[in-house]
Amino acid sequence: MTVPFQKYHGTGNDFLIIHAAEYVSDRGELAERECDRETGVGADGILYLALEERFRPPRVVMTLVQPDGATAPMCGNGARCAAEWAMQRTDTDTVMIDTQSGTLRANRTNGEITVEMGTPTFAPDEVPVTATEPLFEAEIEGLEVTLVNTGVPHAVAFVDDVDDVDLEAVAPPVRYADVFPRGTNVTVASPDGDGGFDQRTYERGVEGETDSCGTGAVAIAVIARRLGLTDADPVTVRPPGGELQVSFNDRGRATLTGPVEHEFDGEVSAKPAAEP
């Protein structure tokens with residue numbers, strides 16, 4: 001038995017999209033198998049999407065299963081890919097996305113997708129981190145980081161040049177530090193001199209660096225403004241996979257804007273190899 005998928009990416013952050021109505025006996029196993037870039041299709045996760053066209057604007061329910069088989073509550077670039085997928089199927093430029101971190105509004109403007117990312121929080125119990133006060137520029141496992149939740153937790157470090165950082169060496173100790181009961185994503189950023197930032201992110205659940213991380217881009221912008229490192233709006237953030245814009249609307253919520261591309265379609269086995 002096979003199920004169809006569509007492959008999308010947002011600034012290099014790539015996903016297999018499978019309609020939620022398709023039967024998959026073990027979503028975690030499928031993600032572990034097919035997200036592998038050597039033996040599978042290769043992706044940063046699988047998005048299971050359920051489209052509800054009776055609403056105006058239409059709604060899409062998004063569930064992200066990461067390469068380690070776990071479910072993530074939110075993904076900025078994943079949400080933008082889900083929005084584009086839903087917009088193509090409903091002939092509209094606005095959709096609502098239901099995630100485990102809340103409902104987000106997404107719009108298409110000038111060929112790019114903007115998604116409202118909600119309200120970031122520094123509250124320790126919401127990051128979560130085992131601290132009594134918000135942590136700004138605190139040293140954790142040798143890295144000076146500020147902690148924020150932008151749908152998922154991020155530990156963000158500002159450095160002179162992100163290319164000089166051995167991310168595969170410095171990130172895992174922070175990602176698994178005891179102070180994070182659910183782990184954390186680890187992001188490094190360096191100022192570009194114009195109010196924007198270069199970005200690299202080691203993603204929880206992927207357990208490695210990705211070409212782009214939308215929640216990480218928002219984390220950079222939110223923390224940089226809080227620390228007085230930029231007053232730009234929008235804040236331009238450049239991960240390896242492209243360019244993202246983070247802005248702040250009149251409700252104080254961050255928005256994430258960037259391109260989305262549909263790469264190709266295919267099919268994958270819906271059953272683990274051990275099943276008959």
Exercise. Look only at the side chain of Thr201 and the backbone of Glu203, and say whether a donor-acceptor pair between them is shorter than 3.5 Å.
Key: no
Self-check item: Linked, directly or transitively: Leu256 and Val260 (ILVMFWY side chains, under 4.5 Å)
Solution: yes
Exercise. Check step by step if salt bridge (charged side-chain N to carboxylate O under 4.0 Å, His left out) holds for Arg33 and Glu29.
Key: CA-CA 6 Å; Arg33 169 167 37 98; Glu29 186 279 336; 2.9 Å; yes
Quiz prompt | CG on Asp125 to OG1 on Thr130, rounded to 0.5 Å | solution = 12.0 Å
Quiz item: What distance separates Ser247 OG from Arg253 CZ, expressed to the nearest 0.5 Å?
Solution: 14.5 Å
Self-check item: Residue pair Ala217 / Gln199: nearest heavy atoms and the distance that separates them
Solution: N-NE2, 3.4 Å
Practice problem: Report yes or no: does Ser101 contribute a side-chain atom to a donor-acceptor pair with the main-chain N or O of Gly151 at less than 3.5 Å? | Solution: yes
Quiz item: Under 3.5 Å, side chain of Asp14 to main-chain N/O of Asp44, donor-acceptor pair present?
Solution: yes
Quiz item: Can you tell me if Thr99 uses its side chain to pair, donor with acceptor, with the backbone of Gly102 under 3.5 Å?
Solution: yes
Quiz item: Which heavy-atom pair separates Gln245 from Pro234 by the least distance, and what is that distance?
Solution: OE1-CG, 3.4 Å
Quiz item: Hey, mind stepping through Thr257 and Glu112 against side chain to side chain donor-acceptor pair (under 3.5 Å) and telling me if it holds?
Solution: CA-CA 7 Å; Thr257 300; Glu112 294 195 321; over 6 Å; no
Quiz item: Yes or no on side chain to side chain donor-acceptor pair (under 3.5 Å) for Asp160 and Ser190, after CA distance, side-chain angles and deciding distance?
Solution: CA-CA 5 Å; Asp160 292 335; Ser190 54; over 6 Å; no
Quiz item: Taking all atoms of both residues into account, what is the closest heavy-atom pair of Phe122 and Leu147, and its distance?
Solution: CD2-O, 3.2 Å
Quiz item: Among the clusters formed by ILVMFWY side chains lying less than 4.5 Å apart, do Trp85 and Ile18 turn up in the same one?
Solution: no
Quiz item: If you look at every heavy atom in Leu244 and Gly258, which pair is closest and at what distance?
Solution: CD2-CA, 4.1 Å
Practice problem: Indicate yes or no for a side-chain donor-acceptor contact from Asp194 to the backbone of Gly196 under 3.5 Å, with no hydrogens or angles considered. | Solution: no
Quiz item: How close do Gly76 and Thr215 get, heavy atom to heavy atom, and via which atoms?
Solution: N-CG2, 3.6 Å
Quiz prompt | Test: Asp231 and Arg225 ion pair at under 4.0 Å | solution = no
Quiz item: For Thr121, does its backbone N or O pair with a side-chain atom of Asn149 as donor and acceptor, under 3.5 Å?
Solution: no
Self-check item: Arg27 NZ/CZ over Tyr48 ring centroid, <6.0 Å and within 45° of normal
Solution: yes
Quiz item: Does the distance from a Lys or Arg side-chain N to an Asp or Glu carboxylate O, for Arg200 and Asp161, drop under 4.0 Å?
Solution: no
Quiz item: Hey, is the main chain of Val237 close enough, under 3.5 Å, to the side chain of Glu243 for a donor-acceptor pair?
Solution: no
Quiz item: Just by modelled atom types, is the Gly205 backbone N or O under 3.5 Å from a matching donor or acceptor in the Glu207 side chain?
Solution: yes
Quiz item: Above 12 or not: heavy atoms from other molecules or residues under 6.0 Å from CD of Glu133?
Solution: no
Quiz prompt | side-chain contact (heavy atoms from CB on, under 4.5 Å) between Thr71 and Gln100, worked out | solution = CA-CA 10 Å; Thr71 300; Gln100 294 178 24; 3.1 Å; yes
Practice problem: Output the distance between atom CG (Asp164) and atom CG (Leu167), rounded to the nearest 0.5 Å. | Solution: 12.5 Å
Self-check item: Residues Tyr202, Thr187; criterion side-chain contact (heavy atoms from CB on, under 4.5 Å); working and verdict
Solution: CA-CA 6 Å; Tyr202 184 100; Thr187 293; over 6 Å; no
Quiz item: With no hydrogens and no angle check, is any side-chain donor or acceptor of Thr146 less than 3.5 Å from a backbone partner on Phe136?
Solution: no
Practice problem: Look at atom CZ of Arg37 and say whether more than 12 heavy atoms of other residues, nucleotides or ligands are closer to it than 6.0 Å. | Solution: yes
Quiz prompt | Contact summary for Thr92 and Arg108, nearest pair of heavy atoms | solution = O-NH1, 3.6 Å
Quiz item: Does any N or O in the side chain of His154 come within less than 3.5 Å of the main-chain N or O of Val156, such that one atom is a donor and the other an acceptor?
Solution: no
Exercise. Show the numbers, then the answer: is there a side chain to side chain donor-acceptor pair (under 3.5 Å) between Thr103 and Asp98?
Key: CA-CA 4 Å; Thr103 299; Asp98 291 326; 2.7 Å; yes
Self-check item: Path from Val65 to Leu47 over hydrophobic side-chain contacts below 4.5 Å
Solution: no
Quiz prompt | Salt-bridge contact Glu116-Arg105 (side-chain N to carboxylate O under 4.0 Å) | solution = no
